[in-house]
Amino acid sequence: MRHFLSVNQLRVEEIYSILETAEDYRNKPVNLNKQLFAANLFFEPSTRTKMSFIVAQRKLGLEILDFHSESSSVLKGESLYDTARTFESIGSNLLIVRHHSDSWFEELDDRISIPVINAGAGKEEHPTQCMLDLLTIYQEFGTIEGLKVVIVGDIKHSRVARSNAFALRKLGADVHLCAAPGFEDDELDFPYISIDEAVEICDVVILLRIQHERHLHKAETSDYLQLYGLTKERERKMKNQAIILHPAPINRGVEIDTDLVECGRSRIFKQMENGVFVRMAIMMTVLNEWGIINNENNFKACKTLAAN
Ligand code: NCD
């Protein structure tokens, strides 16, 4: 039985199966019609990921166990493992976890008997964001293979950069990175290009926020937009069909000119919309894979996974 921890763990056809299932859910309501509980264990701030999980859970008819680490027994020293085991014991059927540790799932992995979905692990992984980014790109171009994609920003401290770079490469995209000095990550084996080259050659530009909370010293940002960000002048040099993605939160005027946030080629709010359907598809896939639900007519993903 697999927890949903990284897009890396999925085969290419499993990735596409989840994307197709997400697309189905956009047009066709689906409800589990069964009392199942999902617990959202967010140990780090979140607006989009947490709220879109909640919308996705409500659409599926899941009962939500909300959790606020700042008013929980975590303040009394309770560990992530003991918190997760508590939710398992009181009847949760699914855990959604976001935690500042890069490898929090090692603490749970084989010791938890209900499925766990990774909603963010330190600077390492953000697989549900990655899946919604893949869906947004796939919707736009009908393929991911052969597309030139650049991920721009604080690569060194971004879990979105890591998850997306590996998944996009797995699906055949030509992935480049672009970072201000000090924001590169030598452990990532992808070519670096400048922002000026990136805007001219790429089909997809994925912008990232500077991850100040993971820096020892606050980075100076007064000239960041002009030197490394997406200015209006650079946007004009992008290819006709090229699109802009950003996982948000956005720091307007830092990594992107504020006027570009909702420009014609921005898919930033589309990404958020897609996040609900992708998270529905991911939850249905793991619940099915764990045998917690068994409703093949409701979604395609289960058929592919069951065939393995
Ligand atoms: C991202 C995250 O939390 O990693 N946000 C998100 O989930 N949409 C990106 C970020 O915080 O910069």
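One-based numbering, in listed order, for ligands and for the atoms of each. Just so it is clear, the values below take in all heavy atoms, side chains as well, and ignore hydrogens, waters and symmetry mates.
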Counterpart residues, side-chain hydrogen bond (donor to acceptor under 3.5 Å, both in side chains), relative to E63 (two or more places apart):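 Partners of E63 under the side-chain hydrogen bond (donor to acceptor under 3.5 Å, both in side chains) test: Q35.
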Tell me: protein heavy atom nearest [atom], and distance?
atom                    : result
atom 6 (C) of ligand 1  : A248 O, 3.4 Å
atom 3 (O) of ligand 1  : R159 NH2, 2.9 Å
atom 11 (O) of ligand 1 : R209 NH2, 2.9 Å
atom 7 (O) of ligand 1  : H126 NE2, 2.7 Å

Residues in ring pair (Phe, Tyr, Trp, His ring centres under 6.0 Å) with H157, at least two apart?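 Result, ring pair (Phe, Tyr, Trp, His ring centres under 6.0 Å) vs H157: H215.
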Give yes if a backbone or side-chain nitrogen or oxygen of [X] is under 3.5 Å from a nitrogen or oxygen of ligand 1, and no if not.
X    : answer
V160 : no
P249 : no
T49  : yes

With the threshold set at 4.0 Å, does a side-chain nitrogen-carboxylate oxygen contact exist between K170 and E14?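 A salt bridge is absent here (no side-chain N lies under 4.0 Å from a carboxylate O).
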Tell me which part of H212 gets within contact of ligand 1: side chain, backbone, both or neither, using heavy atoms under 4.0 Å.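 For H212, there is no contact with ligand 1 at all, from either part.
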Determine the minimum heavy-atom distance between P127 and F4, stating which atoms define it.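 Looking at all heavy atoms of both residues, the closest pair is CB-CE2, 3.7 Å.
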Taking the inter-plane angle between the rings of F87 and F67 on a 0 to 90° scale, is it parallel (under 30°), tilted (30 to 60°) or perpendicular (over 60°)?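 Answer is perpendicular, since the angle exceeds 60°.
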For R26 and E23, what are the C-alpha separation, side-chain angles and deciding distance, and is it a salt bridge (Lys or Arg N to Asp or Glu O under 4.0 Å)? CA-CA 5 Å; R26 189 189 308 277; E23 270 307 305; 2.8 Å; yes
For ligand 1, is there an atom lying under 4.0 Å from some heavy atom of E44?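 No, E44 has no heavy atoms under 4.0 Å from ligand 1.
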Which of the ligand 1 atoms, numbered from 1, are nearer than 4.0 Å to a heavy atom of Q211: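 Listed by number with element, the hits are 10 (C), 12 (O).
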State the atoms of ligand 1, each with its element, that fall below the 4.0 Å cut-off from a heavy-atom position in R98.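 Result: 3 (O), 7 (O).
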